[in-house]
Amino acid sequence: MSETDTFRQRVYQIIAAIPSGQVTTYGNVAQLAGSPRAARQVGGVLRKLPEGSSLPWHRVINRHGEISQQGEDFKRQRQALLSEGVMFENGRIDLEKYGWKW
DNA sequence: TTACTGACTCGGA
DNA sequence: ATCCGAGCCAGTA
């Protein structure tokens, strides 16, 4: 991770390292990227992901263990997680159980 | 350059 | 536990 890396590039690298079947929060990604208060910007980066990106963006959720997206994107994210074995209880994921611990 | 936007989070009620 | 207001800051226009 070089000095000239942008926040976005760091976010890409971090998310690419989240294992299948595990999740992390926007805030955690921001912290690992070196800007602990930029959780919102992590969402901003993912919102503008290039079409056909292989980045596992669905493994990023909010601090309550919920999917932050709406509509069709919400359904796609939920399905992607379920297919990796991540279970929901009342619309929430148990971060103690599925949270990514590096 | 300035001005908005918002896949978030924190703290108080 | 839930709700809401305020702050945040990289992108974008």
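Naming: A, B, ... by sequence-line order, numbering from 1 per chain.
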ask   = Taking CD from Q31(A) and P from dC8(C), how many angstroms apart are they, rounded to a whole number?
value = 17 Å

message = Apply side chain to side chain contact (heavy atoms under 4.5 Å, CB included) to residues I67(A) and F88(A) and explain how you reach the verdict.
response = CA-CA 10 Å; I67(A) 289 174; F88(A) 288 75; 3.9 Å; yes

inquiry  = Looking at E89(A) and R92(A), is any side-chain nitrogen of the basic one under 4.0 Å from a carboxylate oxygen of the acidic one?
reply    = no

Side-chain heavy atoms of L32(A) within contact of V29(A), under 4.5 Å = no

note = R47(A) atom CZ is separated from dC4(B) atom C1', nearest whole Å, by 12 Å

ask   = V60(A) and side-chain contact (heavy atoms from CB on, under 4.5 Å): which partner among I14(A), T25(A), I18(A), V23(A)?
value = I18(A)

ask   = Knowing that exactly one of T6(A), V45(A), D5(A) qualifies, which makes a side-chain contact (heavy atoms from CB on, under 4.5 Å) with Y12(A)?
value = V45(A)

Gap between atoms OH and P, on Y12(A) and dA7(B) respectively (whole Å) = 17 Å

message = Rounded to whole Å, how long is the line connecting atom CZ of R59(A) with atom P of dA7(B)?
response = 22 Å

ask   = E66(A) has an atom CD; how far is it from atom C1' of dC3(C), in whole Å?
value = 13 Å

inquiry  = So R37(A), base contact, sugar-phosphate only, or nothing? Heavy-atom distance under 4.0 Å.
reply    = sugar-phosphate

ask   = So what does R78(A) hit on the nucleic acid, given a heavy-atom distance under 4.0 Å: a base, only sugar-phosphate, or nothing?
value = nothing

inquiry  = Check this one for me: any side-chain N or O of S35(A) less than 4.0 Å away from OP1 or OP2 of dA10(C)?
reply    = yes

inquiry  = On the nucleotide dC9(C), are OP1 or OP2 found under 4.0 Å from the side-chain N or O atoms that R8(A) carries?
reply    = no

key: 5' precedence on DNA chain C between R92(A) and Q41(A) (nearest-nucleotide basis)   = R92(A)

key: K48(A) NZ to dT12(C) C1', straight-line distance once rounded to whole Å   = 7 Å

message = Using whole Å, what does the distance between atom P of nucleotide dC8(B) and atom CD1 of I15(A) come to?
response = 13 Å

query = Can you tell me how far the CG atom of L82(A) sits from the CE atom of M87(A), to the nearest 0.5 Å?
reply = 6.5 Å

request  = Mind checking salt bridge (charged side-chain N to carboxylate O under 4.0 Å, His left out) for E96(A) and listing every partner two or more places apart, or none if nothing turns up?
outcome  = none

With the criterion being N/O to N/O and under 3.5 Å, what pairs connect the protein with nucleotides 9-12 of chain B, and how long is each?
unit_1	atom_1	unit_2	atom_2	d
dT9(B)	OP1	G27(A)	N	3.0
dT9(B)	OP2	R63(A)	N	3.1

inquiry  = Rounding to an integer number of Å, can you tell me how far F7(A) CZ sits from dC8(B) P?
reply    = 13 Å

